[in-house]
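Everything below concerns the one structure shown next.
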Amino acid sequence: MNELVVVSLEVRAALAEGRSVVALETTIVAHGFPAPHGVEVGLQMEEAVRGAGATPATIGVLDGRIRVGLDDDELGRFDSSARKLGPRDLAACAVAGDVGATTVGGVLAVARTVGIRFMGTGGIGGVHRGYPARPDVSADLVALVTAPVLVACSGAKSLLDIPATMEHLETLGIPVLGYRTDTLPLFYEAEGGPAVTQRVDDPTTAARVAAAHWELGGCGLLLTNPPPEVVEVGDLIEEAVAKAARDGVSGQAVTPFVLAFLHERSDGRTREVNRKLAVANARLAGDVSVAFAAL
Ligand code: PSU
Ligand code: MN
């Protein structure tokens with residue numbers, strides 16, 4: 001039978017045996033880094049999940065199937081020509097037979113379907129700057145409302161309107177936990193963000209909060225992890241966002257455009273910080289998933 005969602009043998013076995021599984025996206029691979037760095041980062045995130053004792057489940061659309069768990073050759077197919085998939089795009093991409101890279105929102109839609117509870121990423125999408133003129137709010141936020149998944153991230157990407165993103169997260173009832181921090185990490189910077197809703201200092205406490213939240217019928221939650229290394233790029237971000245507006249870059253293209261601009265103009269410093277934080281968040285998601293299984 002031609003199944004729409006195909007779960008790899010390894011991930012299927014882990015899920016069936018109640019072992020820890022961490023979902024990973026493919027947009028960060030295809031559009032978050034220039035080739036060949038994206039695939040390297042994807043592989044390092046998988047390694048980090050394994051290092052924690054969990055099974056990575058990288059998710060993307062290939063050959064008409066939504067694939068959960070990819071081998072290295074398959075991961076290599078996610079280059080910049082891949083479509084970027086939010087929750088609304090998954091079905092159409094699969095039917096069209098295109099290569100589709102999942103965003104956080106796209107992953108959450110699939111994770112909910114197959115019963116994966118943990119995910120690691122760099123930074124989630126949120127409310128973009130310039131909201132009054134053009135309300136661009138990432139589908140990541142809405143996906144968190146419907147998927148009972150803990151997402152380890154370094155906050156929202158700082159090209160966004162962070163205070164507005166925090167307001168939306170509150171409206172949507174999404175807990176924002178700070179991992180060993182009282183304030184929201186700002187992706188490239190650790191300090192200076194708004195207060196988180198609750199600080200947690202170890203994976204077991206994070207797992208207990210997630211379990212309690214789910215027991216109450218809650219859905220997604222964020223576990224925000226300060227980046228292991230920081231880089232100050234506030235001015236470059238302003239420049240990048242202004243250039244995106246001038247060049248008519250809009251919608252799903254904004255985030256990849258700004259990230260690419262920063263990677264280039266910072267001589268790769270943002271790329272290195274982004275890589276390190278994404279790997280650290282994959283590891284943290286793994287640690288929490290393992291702690292959850294032991295509760
Ligand atoms: N984290 C990174 N790099 C990325 C992303 C996350 O370090 O490229 C991706 C995720 O897939 C996230 C997306 O869902 O950026 C947000 O895009 P948008 O703002 O268009 O929703
Ligand atoms: Mn958008």
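Both counts, for ligands and for their atoms, begin at 1 and track the order of listing. Hydrogens, waters and symmetry mates are skipped; everything else that's a heavy atom, side chains included, is used.
- Closest to atom 20 (O) of ligand 1 by heavy atom, among R271, R275, Q252, K84, is K84.
- Residues V21 and V11 form a side-chain contact, since some pair of their non-hydrogen atoms from C-beta on lies under 4.5 Å apart.
- Minimum heavy-atom separation, A111 to V149: CB-CG2, 4.0 Å.
- Counting the atoms of ligand 1 from 1 in the order shown, those under 4.0 Å from a heavy atom of T121 are 1 (N), 6 (C).
- Of the candidates V137, T27, T255, T255 brings a heavy atom nearest to atom 19 (O) of ligand 1.
- In terms of protein heavy atoms, atom 5 (C) of ligand 1 is closest to K157 NZ, 3.4 Å.
- At distances below 3.5 Å, not a single donor-acceptor pair connects side-chain atoms of T121 with backbone N or O atoms of I124.
- The closest approach between any non-hydrogen atom of A278 and ligand 1 is not below 4.0 Å.
- By the salt bridge (charged side-chain N to carboxylate O under 4.0 Å, His left out) test, E167 pairs with no residue at all, sequence neighbours left out.
- Any N or O atom pair closer than 3.5 Å counts here, and V104 shares at least one such pair with ligand 1.
- Residue H31 has no nitrogen or oxygen atom sitting less than 3.5 Å from a nitrogen or oxygen atom of ligand 1, judged on distance alone.
- For the pair H128 and ligand 1, the shortest N or O to N or O distance falls below 3.5 Å.
- Protein heavy atom nearest atom 1 (N) of ligand 1, with residue, atom name and distance: G123 N, 3.1 Å.
- Contacts of D140 with ligand 1, taken as heavy-atom pairs under 4.0 Å, involve the side chain alone.
- The shortest heavy-atom distance from F187 to ligand 1 is under 4.0 Å.
- With contacts defined as side-chain heavy-atom distances shorter than 4.5 Å, the pair V151/L108 qualifies.
- Looking from atom 21 (O) of ligand 1 to the surrounding protein, the closest heavy atom is S138 OG, 2.7 Å.
- Between G220 and I174 the shortest heavy-atom distance is O-CG2, 3.7 Å.
- Every ring-ring contact (aromatic ring centres under 6.0 Å, His included) that H263 has, sequence neighbours left out, goes to F33.
- Summary of contacts: the protein heavy atom closest to atom 2 (C) of ligand 1 is I28 CD1, 3.4 Å.
- Side-chain contact of T26 with T102: a donor-acceptor pair under 3.5 Å is present, judged by distance alone.
- Ranking protein heavy atoms by distance to atom 7 (O) of ligand 1, first place goes to N274 OD1, 2.7 Å.
- Using a 4.0 Å cut-off between charged nitrogen and carboxylate oxygen, D73 and R77 do not count as a salt-bridge pair.
- For the salt bridge (charged side-chain N to carboxylate O under 4.0 Å, His left out) test, residues two or more places apart in sequence or in another chain that qualify with R19 are E17.
- A salt bridge is absent between R67 and E3; no separation between the charged side-chain nitrogens and carboxylate oxygens falls under 4.0 Å.
- Between T224 and V176, the shortest heavy-atom contact is CG2-CG1, 3.9 Å.
- The Mn ion (ligand 2) has D136 OD1 as its protein N, O or S neighbours under 2.8 Å.
- Side chain of S154 to main chain of G123: no donor-acceptor pair is present (N/O by atom type, distance under 3.5 Å, no hydrogens or angles).
- Of all non-hydrogen atoms in K276 and P228, the two that sit nearest each other are O-CG, 3.8 Å.
- In terms of polar-atom proximity, A139 is not counted as a contact of ligand 1, lacking any N or O under 3.5 Å from an N or O of the ligand.
- Residue contact check: G32 has heavy atoms under 4.0 Å from atoms 8 (O) of ligand 1.
- Atom 11 (O) of ligand 1 has E25 OE1, 2.3 Å as its closest protein atom, hydrogens excluded (heavy atom only).
- Residues T146 and C219 are not in side-chain contact: their nearest non-hydrogen atoms beyond the backbone lie 4.5 Å or more apart.
- In L259, the part holding a heavy atom less than 4.0 Å from any atom of ligand 1 is the side chain.
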